[in-house]
Amino acid sequence: MISEQMQKALYKQLNDEFYSAYLYLAMSAYCAHIDFNGAANWLKQQYEEEQMHATKIYNYLIEQGAHVVLKEIPQPPSEFGKILDVFKASLAHEQAMTAKLNNLSDQALKEKDHATYNLLQWFVNEQVEEESTVGEIISKLKLVKEDGYGLLMIDNELGSRAAPKAVV
Ligand code: FEO
């Protein structure tokens with residue numbers, strides 16, 4: 001059994017993961033609208049991945065005997081600017097998520113809640129990969145600037161992202 005405070009904190013994280021999914025779907029819709037269909041694919045796969053993150057927390061809470069009460073998911077933005085701005089927004093979002101997960105890990109350690117701490121370490125490791133992947137995309141976009149051919153190449157590459165493997 002986990003503490004009331006830890007349950008509350010994980011409910012919040014569950015909602016944040018669903019918001020992440022929603023945000024990536026909004027980014028995907030925006031990229032499809034501005035004809036960056038490869039980026040739209042990449043972001044849609046990320047939407048799928050974020051839903052799995054939410055489900056991973058949901059499953060853990062159920063396993064721990066919690067009564068999960070789902071909250072409203074905030075509305076994400078619908079305009080993101082240039083393609084580089086989309087991925088900058090993604091990186092800023094992931095950095096904020098990392099900070100939340102680090103705080104949650106601190107809380108789990110303080111409570112000597114090692115089961116939750118273990119769960120959270122999976123997420124902390126995942127964040128390293130996510131920040132690094134988005135960082136690489138940003139570097140490439142900065143490199144090509146407004147060059148149409150370069151942007152097309154990057155968009156093609158983003159279009160090859162396959163569906164994520166199930167993590168739950
Ligand atoms: Fe659920 Fe993008 O980390």
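Side chains included, hydrogens not; waters and symmetry mates left out as well; all remaining heavy atoms used. For the single chain, residues carry numbers from 1 onward in sequence order. Note that ligands are numbered from 1 as they come in the structure, with each ligand's atoms numbered from 1 the same way.
Using a 4.5 Å heavy-atom cutoff, the side chains of Gln7 and Tyr11 are in contact.
Vertex atom 2 (Fe) of ligand 1, arms ending at OE2 of Glu94 and OE2 of Glu50: the angle is 100° after rounding to 10 degrees.
Note on Arg161 versus Glu49: salt bridge recorded, some NZ/NE/NH1/NH2 to OD/OE distance being below 4.0 Å.
For Glu130, the nearest N, O or S atom to atom 2 (Fe) of ligand 1 falls under 2.8 Å. Distance check for Glu17 against atom 1 (Fe) of ligand 1: an N/O/S atom falls below 2.8 Å.
Here the rule is side chain to side chain contact (heavy atoms under 4.5 Å, CB included) with Val86, and of Phe80, Trp42, Phe36 only Phe80 fits it.
Distances from atom 1 (Fe) of ligand 1 to the N/O/S atoms of His53 are shortest for ND1.
Put simply, the side chain of Asn41 gets close to the backbone of Gly159: a donor and an acceptor are under 3.5 Å apart.
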